[in-house]
Structure formats: structure tokens, C-alpha cells
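Numbered from 1 within each chain, the chains take letters A, B, ... in sequence-line order.
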Number of protein chains: 2
Amino acid sequence: MANPILHIKTQCSECSLRELCLPVGLHKHDLEQLNSVIRQSRRLKKGDYLFHAGETFVSLFAIRTGFFKTTVGTQDGRDQVTGFFMSGELMGMDGIGNNIYINDAIALEDSEVCELPFARMEDLVKRVPSLQTHFMRLMSREIIRDQNVMMMLGNMRAEERLAAFLLNLSQRLQTRGFAANDFILRMSREEIGSYLGLKLETVSRTLSRFNQEGWISVEHKHIQILQARALKDLVAGCSGKSDVI
Amino acid sequence: MANPILHIKTQCSECSLRELCLPVGLHKHDLEQLNSVIRQSRRLKKGDYLFHAGETFVSLFAIRTGFFKTTVGTQDGRDQVTGFFMSGELMGMDGIGNNIYINDAIALEDSEVCELPFARMEDLVKRVPSLQTHFMRLMSREIIRDQNVMMMLGNMRAEERLAAFLLNLSQRLQTRGFAANDFILRMSREEIGSYLGLKLETVSRTLSRFNQEGWISVEHKHIQILQARALKDLVAGCSGKSDVI
DNA sequence: CGTCTTCTTGAAGGTATTCAAACGATGTGG
DNA sequence: CCACATCGTTTGAATACCTTCAAGAAGACG
């Protein structure tokens with residue numbers, strides 16, 4: 001439960017993620033302004049909560065390293081996973097609306113995040129016009145992302161959802177310089193199922209089927225994509241987009 | 001196809017929707033600044049497109065009167081409804097991310113909208129700090145709304161989705177001063193189904209069942225909610241929220 | 001008034017879920 | 001280091017739910 005907090009000097013302008021994270025497209029001068037916003041870097045261990053649903057919204061968080069899920073609790077005690085986040089991605093934008101975090105954010109592996117106090121962000125945004133536009137874009141893209149998930153949940157069958165999910169992970173990993181076709185799942189079958197609106201057994205069965213077809217190789221959490229084409233063909237005709245998530 | 005455009009003098013500061021729409025919570029002075037942003041009011045007839053997916057993003061649109069749906073086209077030619085919008089609500093925020101509208105926006109009845117050119121909005125936001133915060137809140141709430149739909153699609157059964165849908169409509173209508181328990185559906189069964197991830201037959205059957213149970217009265221598009229309690233009980237335990245949509 | 005669209009309802013079928021059991025991996029304590 | 005408990009996963013069989021196919025009824029519109 002306790003989040004071990006370490007104060008680490010962080011500078012957007014020197015961060016290896018600056019081409020991927022919030023600074024994308026900012027000029028050097030504006031970028032340096034961002035440095036002043038970041039309060040500190042924070043380390044979390046697998047299973048730690050970054051923030052809880054219902055807490056007062058204070059900060060956005062950018063992931064430096066690691067992997068997170070966000071979940072919303074249901075009245076009957078079960079959780080629904082609303083998203084998976086990896087390095088360079090921003091969490092907490094749902095909190096702006098009502099000054100309360102809607103989601104829990106939980107580390108799925110040891111992770112490190114940059115904390116961006118929203119009050120300071122707002123302040124900076126006023127002084128740096130390019131950042132204002134940029135930040136609105138990021139929020140809009142979160143909307144687009146969520147709408148793509150809506151389409152996935154509303155239109156696709158289990159096979160198609162899993163295919164879209166794997167392709168999306170693959171693409172995001174590739175963007176970060178990792179292998180696109182050989183990776184380790186950071187989440188359990190149950191978490192995948194929760195995200196995709198399926199039961200864990202269905203996820204397991206469907207992965208097994210992909211494995212039998214020779215489209216992927218599954219060994220526990222180790223996934224290899226052997227025939228991306230086949231997966232893409234499954235998804236095509238459903239959402240029209242391979243960047244669903 | 002052609003959108004008949006009428007130039008109507010519009011003033012946020014004198015609009016009856018100012019407590020509901022973008023101006024919510026703005027001070028008088030800031031409110032008057034908004035007037036300068038609105039290019040014109042635009043009338044649409046039932047079936048008219050307000051904007052098309054793929055078009056260059058130029059403006060946000062606030063609904064003065066009427067009712068809209070937004071849809072995303074799938075590769076195989078079918079549409080998925082991503083939202084229903086009524087007076088005081090803002091459409092087009094998905095366009096900010098990539099300067100392209102992601103959705104089609106289509107009037108489901110004769111409607112009137114205020115056009116807010118985004119370039120002017122950005123400009124104004126720089127000069128009016130309270131509007132900046134306010135606008136971010138609105139975007140965040142769109143994110144929350146979409147995540148609630150995700151939960152609905154991922155967790156709920158047909159009955160629960162319909163119940164949540166009806167309760168949400170009811171609540172939004174009430175907010176606008178209409179009867180909460182007696183209203184006309186603006187959309188077809190197929191459009192409801194598309195939005196809820198169900199087939200139109202399932203929507204029809206489920207409404208009939210609610211009717212038989214005495215929870216609602218259905219006469220074609222005329223809906224009366226007779227036992228809101230029963231509908232709420234259905235939804236409870238699934239999302240924990242009655243403001244799903 | 002006739003045509004077209006939308007809606008309702010039934011029956012058959014398919015897909016994902018539920019229930020259940022067993023396996024494997026992981027981690028703990030003896 | 002091994003035995004054991006636990007958690008996550010796989011797989012099968014039965015079931016539930018929604019969809020598909022089909023036909024008829026009711027409004028909407030010209």
C-alpha cells in the first residue's frame with residue numbers, strides 16, 4: 001500500500017521519452033518550461049497504487065518506465081479494467097472533470113512515473129501557448145482511444161477483440177523501440193478479459209486457438225506474433241483501425 | 001446533404017442554455033467574451049450531417065435545440081453509434097486530436113447549433129483563464145462519459161444496458177426541464193442497439209419485457225418510465241452509476 | 001391508399017459464460 | 001532443498017444469452 005517515494009531529478013529536456021511523451025512537438029524553449037512543472041519522479045513496485053478512485057485529483061502522471069492498468073470499481077465489488085498504460089503515456093486526465101480520480105491506477109510491474117501537479121500545469125499552459133494546444137490534443141486523443149474501445153466492445157467478437165488487443169500492444173511496444181512480435185504480457189488473463197469484456201476462460205481459449213492456428217505462440221505470458229497478417233485480417237471489417245485501444 | 005445555413009444572432013450571455021452549456025460557471029465578464037467566439041447559429045433538418053468523419057476539424061458545435069447522434073463508419077460499411085447529444089452538449093472534441101473529425105454527426109430531428117471555431121476558442125482561452133480550466137473540464141467529462149459506456153458494454157447484459165440507457169436519457173431530459181418519465185425517443189431501435197452493442201431485435205424484445213413487467217410503457221417511440229426504482233435496481237451492481245452514457 | 005420503413009415476435013442457432021477439474025508455476029516455511 | 005499451499009492458467013461439458021433468420025404488423029410518407 002505505501003508508495004515508496006524517491007526524489008529523482010527529472011528533466012523533460014533530457015528525457016529519452018521526450019519524443020513520445022508530453023513534450024512531443026514542443027520547441028526547445030517551451031520544453032524547458034516543462035521541467036519546472038514536474039514535481040518529482042516517483043517509484044512504485046508491482047501492485048502499488050499510483051492513485052485511488054475517489055481521491056482528490058491533484059496531479060497527472062507520465063510513465064517513465066513500467067506498466068500500469070486503470071480500473072473502475074463496480075458496486076458489487078468487481079473491477080473493470082479501463083486501460084493499460086506504458087512508458088510515455090499520461091494517466092489521470094479523467095480526474096480533471098470533477099477534481100476526483102475516477103479510476104484506480106495500479107502498477108503491473110515496478111515502475112517510475114513523473115508527477116505533474118495540475119495546478120502548475122494550468123499555470124504553465126497559460127504562459128506557453130504551444131503547450132495549451134498540445135495538451136488539448138492529448139486529451140482529445142484519450143477520447144478517441146476510448147471511443148475505439150467502445151467500438152471494439154460493441155462490434156467485435158472475442159477473436160477479433162483479442163486480435164485487436166495484441167496488435168495494439170505490439171504497435172505500442174514497437175513505437176518504444178521494443179520487439180513488435182515478441183513480448184511479455186504484463187497483465188493476467190483475467191485483466192485482459194476485464195478490459196475486453198470477456199471472461200478469463202474465453203481469453204485463454206482464444207489465445208490457445210490462435211496458437212493452434214499458428215498465428216501466435218503462447219507460453220504463459222510470453223507472446224510471439226507469427227502471422228500479424230492473419231490477426232489484421234480478423235480485425236479488418238470491424239473497426240477499420242489497427243490502433244484500437 | 002446540403003446544410004441550409006442561417007445566420008442568427010447568438011449571444012451566450014442571453015442564451016437560455018447558459019447554465020447548461022459551455023458557459024457554466026463563467027463570470028459575467030468572461031461570458032461576454034464567449035459571444036465573440038461564436039460564428040453563427042446553424043439550422044439543420046432531420047438527417048442532415050453537421051460534419052463528416054475525415055473532414056478537417058474546424059469547429060466545435062454546441063447544440064441549442066434538437067438531437068444528434070455521432071457515428072463511426074466501419075470498413076465493412078456499417079456504422080457504430082458512439083453517442084447521442086442533446087441541447088447544451090458539445091460535439092466535435094474528438095477532432096482536436098488529429099485535426100480531423102473522427103465521427104459523423106447527424107441530426108436526428110430538426111436542430112440548431114452554435115458553431116465555435118476552434119482557432120478562436122484557443123485564442124480566447126489564452127485570454128480568459130477561467131475558460132481554459134472550464135474547457136479542460138468539459139473534455140475530461142467526455143472522457144469519463146466514454147469510460148462509462150465502456151463499462152456498460154464490457155460488464156452489463158442487455159437488460160442492464162437498456163435500463164442504464166433509459167435512466168440516462170431520463171436524467172438528461174430532466175436537467176433540461178423536460179419530463180423525466182415521459183418522453184419520445186429520437187432514435188430508432190437500430191440506433192439504440194448500435195450504441196449499446198446489441199441487435200435491434202434484442203432492443204425491441206427487452207423494451208417489450210420491461211413493458212410487460214410494468215416498469216415502463218412503450219408505444220413505438222413514446223416511453224414512460226413507471227418504476228424507475230426497478231430500472232435502477234437492474235443497473236446497480238454493474239456500474240455503480242446512474243449517469244452512464 | 002399503397003409502398004416503404006420500422007418495429008414486433010417466434011424459433012433455431014451460435015457464441016460466450018458458467019461450473020468444474022486438473023495442471024503448472026511460484027513462493028513459503030520447514 | 002524439498003514439500004506444500006496458492007495463484008494463474010488451461011481445458012471440457014453444460015448452460016445461458018444474444019443473434020440470426022423469418023414473417024407479420026404497425027406507422028410514416030408520398
Without hydrogens or angle criteria, can the side chains of A:Gln224 and A:Asp182 be said to hold a donor-acceptor pair below 3.5 Å? yes
Can we call the ring centroids of B:Phe178 and B:Phe183 under 6.0 Å apart? no
In whole Å, I'd like the distance from the [atom1] atom of [X] to the [atom2] atom of [N].
X	N	atom1	atom2	answer
A:Lys46	D:dC7	NZ	P	14 Å
A:Leu153	C:dA16	CG	P	13 Å
A:Glu190	C:dT17	CD	C1'	14 Å
A:Leu200	C:dT18	CG	P	10 Å
B:Ile192	C:dT6	CD1	C1'	12 Å
A:Glu219	C:dA25	CD	P	11 Å
A:Ile184	D:dT9	CD1	P	13 Å
A:His222	C:dA25	NE2	C1'	17 Å

Is the distance from OP1 or OP2 of D:dG8 to the nearest side-chain N or O of A:Ser204 less than 4.0 Å? no
With a 4.0 Å cutoff (strictly under), does any side-chain N or O of A:Lys221 reach OP1 or OP2 of C:dA25? no
Verify the neighbour count for atom CD of B:Glu159: are there more than 12 heavy atoms of other residues, nucleotides or ligands below 6.0 Å? yes
Scoring nucleotides 13-26 of chain D by protein non-hydrogen atoms under 4.0 Å (B base, S sugar-phosphate only, - none) yields B---SSBBB----S
Is the A:Tyr101 ring parallel, tilted or perpendicular to the A:Phe51 ring (thresholds 30°, 60°)? parallel
Nearest 0.5 angstrom please: A:His220 NE2 to A:Leu207 CG, how far? 13.0 Å
For A:Met150 and B:Asp146 the tightest heavy-atom approach is SD-OD1, 3.9 Å
Test item: [X] and [Y] side chains (from C-beta on) under 4.5 Å apart, heavy atoms:
X	Y	result
A:Lys221	A:Ser188	yes
A:Leu116	A:Leu22	yes
A:Val81	A:Met187	no

So if I take the C1' atoms of five pairs at each end of the helix from C:dC1-D:dG30 to C:dG30-D:dC1 and get each local axis, what angle do the two axes make, rounded to 10 degrees? 40°
Counting side-chain heavy atoms from CB outward, which of C:dC7, D:dT9, D:dT11 is closest to A:Arg189? D:dT9
